[in-house]
Amino acid sequence: MAEAADFQGTSPSPARRWLRRTGAVLAGTPLLTGLLQLPAGSPAEAAPRAASDDGSVAVSVDSLTPSAPSDGDTVTVSGTITNRGKKAVTDASVGLRVGSLLDTRSSIDTVAKNSGDVDSPVGAEIDDKYTEKFAKLTPGVSQPYTISVPADELDLGQDGVYDLSVTLTGETSDKPWEQTLGVRHTFLPWQPDDLDTKTKTTFMWPLISTVHMTAETGSDEEQTPLFHDDELAAEISPGGRLDRMVALGKDLDVTWVIDPDLLASVEAMTTRYEIPGQNADDKNVVGGHQEVAKRWLTEVQQAVADKEVVALPFGDPDLASLAHHGTSVTGSLRHLKEATDVAARTVESILHVTPSTDYAWPVEGAVDPSIIKVSTSAGADKVIVRGDTFEGGRDLTYTPTAPRPIGGGTTAVVADARLSTVFDGDMTRASASTQAVQRFLAQSLTLALQTDRPRSVVVAPQRTPSAAQAQTMAEAIGALQDGTWSQPQGLTAAAKSKPDPDAGTEVPPASAYPKSLRKQELPRSAFEQIARTQDKLDRFKVILSDQSRVVTPFGRALNRGMAASWRGRPAEAAIYRSGVETYLDTLSGQVRLIEKSETKLSGRSATIPVTVQNNLVQGVEHLVLRLSSTNPTRLQIDGNAYEEQPVAVSGGHSQSVKFTTNANANGRATVIAQLYTQDGRPYGQPVTFDVKVTEITATVMLVIGGGVLLLVLAGFRMYTQRKRAAARQAEEREQEYEADADADAKNPEASGRRPTQQSAPDTREDTPEQPSDPAPDTAPESADPSGTGERVDR
């Protein structure tokens, strides 16, 4: 008698499907009994056994569509079969088998663990017309297969998840009988009708990367940033990991979980940025992916519009490392608070959405009391944990809802461990991706069928999914959103849903924290170095006229120094932290005192200059220069042991500060010059130099004064002597002239002149000297050396 399902366009009811399936099992019982009674050594005895657990023929399921079929759908399974044995396989046949109903989540785990085991139970093969034949399978050669079966022909009974296996049967030359040589188990969710109570599922979509920016910036007005490399450009370029995350996530109903550092780094790439040259001595190279960065940020803005966005603390700090090794180091929690405060501002300014900053997400959701305490110290009141590290509850037969009040106004949002970890591993192979999608849907449906209680389920996948993992997650979420047993929900709504009163709320003890995760944590020395760098930054920033040029890049670099992405990379993390501290030392060393050589002083008092050099591009102020004498008995600074003077130096300039010194005794005195900040903390290295004092006594002064007096008297004596000599010479010339005149008057003929023609001598000084004039009467120059202090006219 024909059933309704035999006619095209109709499908059997669940009851009829159950009856047909039960009848098939009962009909196969006599046959199974007969097989068990076959004599030993017959070929039929060896048929169920395989050459090995995984079989000599590898079977893959590369595609299963639809992932969750309904009535009237056609299920298509495709993949490859590969003969891994040394002998050819003949009369091979690939068929589908529907196994038992997997009604527990642990049974799904078991099938997934043994998905290639030919010894694991398989169901009855579907009609022979839905098989694909291969005459011969050559060793090492792969062959594709595709099998399409109407869902109604699968004889699925009640709603739930079924073990669907693809088997390869055939013969070999040494075993010439039909035998199962390969199998691949997968999962077929069957829920054609909507559930009355759907599970509300939250899928966290993480947009997180590793650390890319350094603390170093250019001296230009824009402060050109320096990146470690150009790997971030590869991630956001078309086809890159982060590009795929955005392209896939924009069409999904997910909650975006974003590290603000990623957004800030990409925004820094939209203008000018630099990366180091290939060799250590090479100059920095200008990055050229500005347009790529602009495009990616625009796509992120469009993707998160009208979506829920959760902002992690800046840099995604490792909360577990901070709790286990950082809290004993002063100032470590300060960085977590700063990272939380800057998170919302960064996301708002770049994406133009208001994110939630109420969540803390420890690595892999593993917590203990100290991690909970640190997570909430910066203002978060909800901690995302994972179910495999958190107690489920008291003898619960179902998975409880996500939120758990754990005291102190804190809620633990427990993500489902099975759903969160199913996408781990290599998803580049189509078979692995398909298996992950089917396993995710199977776990989700089985969870939904556990109880009719309304529940909220959270999925927290790995922090930095690969492009292949993101593709697999998107396929699974898309199938789930189109399914009949789940509906999407935001993370905030999930956290606010009514907790299950029977769910466990006790935070695991520290001893339960996974050892594998503890080995990857940042050590205490990492937080000590961060604290030391912060102390140097605090001393440096107070002297700057524009603190933001230094405080902002270094503050963010210190946040990055405790990022969760450093796990498993201790050497790279240490290099990064040391680079930040070294660069800060270099900057602070640009403001320094110029070295001085020995200084000589003669006298009771003198001025000593000390030069302050500022090679920064900005001015420095709020500095005090102190000059101290180590021997104030011999040498005092302005009458004291030391003197201080304020210092302010413009960028790229130097300034000399002068100090008055007083000498009390001859000898050598050591002087120390040291810069201080206004709060009295030393800045930079001191400069030490010697001052040699040669004091002038009263006796020396008397001798010098006497010498000066003698020189004055000698000069005055020389002046009067020369004046008298000049007067005597003038008088003698006058007398000679008068004598000549008298002689001419008495004997005019002898002189050749008439007396009446006498004229008075021209005594004007400007009268030119004639050749016939008598030579001046001057004494010959003495060749002897002149006397001491004597001025000699030559």
Side-chain angles (χ1 to χ4, degrees), residues 207-246 258-301 314-315 342 346-347 349-351 464 467 537 544 546-561 563 565-566 569 572-573 575-590 615-618 651-652:
L207 213 56
I208 304 172
S209 185
T210 56
V211 175
H212 297 282
M213 289 185 66
T214 69
E216 186 172 348
T217 59
S219 59
D220 53 320
E221 186 67 26
E222 293 76 17
Q223 289 190 265
T224 299
L226 178 67
F227 284 67
H228 283 295
D229 47 47
D230 227 6
E231 291 183 359
L232 183 56
E235 287 193 284
I236 63 176
S237 295
R241 184 184 73 85
L242 292 172
D243 175 75
R244 297 299 300 152
M245 288 291 296
V246 176
I258 301 176
D259 176 10
D261 179 34
L262 172 61
L263 301 180
S265 299
V266 178
E267 185 183 47
M269 295 173 60
T270 59
T271 54
R272 176 186 171 91
Y273 71 99
E274 295 181 349
I275 56 177
Q278 294 183 351
N279 300 317
D281 297 332
D282 292 346
K283 294 182 179 180
N284 295 338
V285 179
V286 178
H289 295 89
Q290 285 78 8
E291 295 304 319
V292 172
K294 293 177 182 178
R295 178 196 61 82
W296 187 81
L297 283 180
T298 300
E299 292 184 355
V300 176
Q301 293 170 358
F314 192 97
V342 77
T346 303
V347 174
S349 63
I350 298 176
L351 298 184
T464 55
L537 178 61
L544 303 176
D546 185 3
Q547 296 185 5
S548 63
R549 288 182 63 92
V550 172
V551 172
T552 299
F554 275 99
R556 301 295 76 79
L558 293 177
N559 293 145
R560 297 182 185 108
S565 62
W566 294 121
R569 302 188 298 151
E572 292 92 331
I575 292 173
Y576 179 83
R577 293 190 303 270
S578 297
V580 174
E581 184 177 13
T582 300
Y583 181 57
L584 180 59
D585 290 340
T586 301
L587 285 182
S588 59
Q590 299 302 305
N615 288 328
L616 298 173
V617 296
Q618 64 169 299

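All heavy atoms count here, side chains included; hydrogens, waters and symmetry mates do not. Here the structure is a predicted model, which means the values were calculated and not measured.
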Quick one: does L242's side chain get under 4.5 Å of L262's, heavy atoms only? yes
Looking at every heavy atom in both Q618 and D546, which two are closest together, and how far apart are they? OE1-N, 2.6 Å
Note, V211 side chain near S565 side chain (heavy atom, < 4.5 Å): yes
Spatial distance of atom OG (S219) from atom CD (Q590) [nearest 0.5 Å]: 10.5 Å
R556 and M213: side-chain contact (heavy atoms from CB on, under 4.5 Å), yes or no, with the steps? CA-CA 9 Å; R556 301 295 76 79; M213 289 185 66; over 6 Å; no
Mind telling me whether F227 and Y273 have parallel, tilted or perpendicular rings, with 30° and 60° as the class edges? perpendicular
Rounding to 0.5 Å, atoms CG (L616) and OG (S588) come to a distance of 9.0 Å
Side-chain (W566) to main-chain (R560) donor-acceptor, under 3.5 angstrom: yes
Indicate yes or no: at least one non-hydrogen side-chain atom of D261 is less than 4.5 angstrom from one of N559. no
In Å, rounded to the nearest 0.5 Å, how long is the span from OG1 of T346 to CZ of F314? 5.5 Å
Backbone N or O of G287 within a donor-acceptor pair of the Q290 side chain at under 3.5 Å? yes
What is the minimum heavy-atom distance between G239 and R244, and which atoms define it? O-CG, 3.8 Å
Taking all non-hydrogen atoms of both residues, which atom of T214 and which atom of Y576 are closest, and how far apart? CA-CE1, 4.3 Å
For the side chain of D259 and the backbone of G315, is there at least one donor-acceptor N/O pair under 3.5 Å apart? yes
At their closest point, which heavy atom of Q223 faces which heavy atom of P553, and how far apart are they? NE2-CG, 4.3 Å
CD1-NE2 distance between I236 and H289, expressed to the nearest 0.5 angstrom: 8.5 Å
So, taking the atom named NE2 in H212 and the one named CD1 in I275, what distance separates them when rounded to the nearest 0.5 Å? 12.5 Å
For S209 and L232, which heavy atoms make the closest approach, and how far apart are they? OG-CD1, 4.4 Å
Residues E222 and T271: side-chain donor-acceptor under 3.5 angstrom: no
Note, Q301 side chain near L351 side chain (heavy atom, < 4.5 Å): yes
Answer yes or no: is there a donor N or O on one side and an acceptor on the other, between the side chain of S578 and the main chain of I575, under 3.5 Å? no
V292 and S237: which non-hydrogen atoms are nearest, and at how many Å? CG1-OG, 3.7 Å
CE/M245 to OG1/T464 distance, rounded to the nearest 0.5 angstrom? 9.0 Å
Cationic N near anionic O, under 4.0 Å, R295 to E299: yes
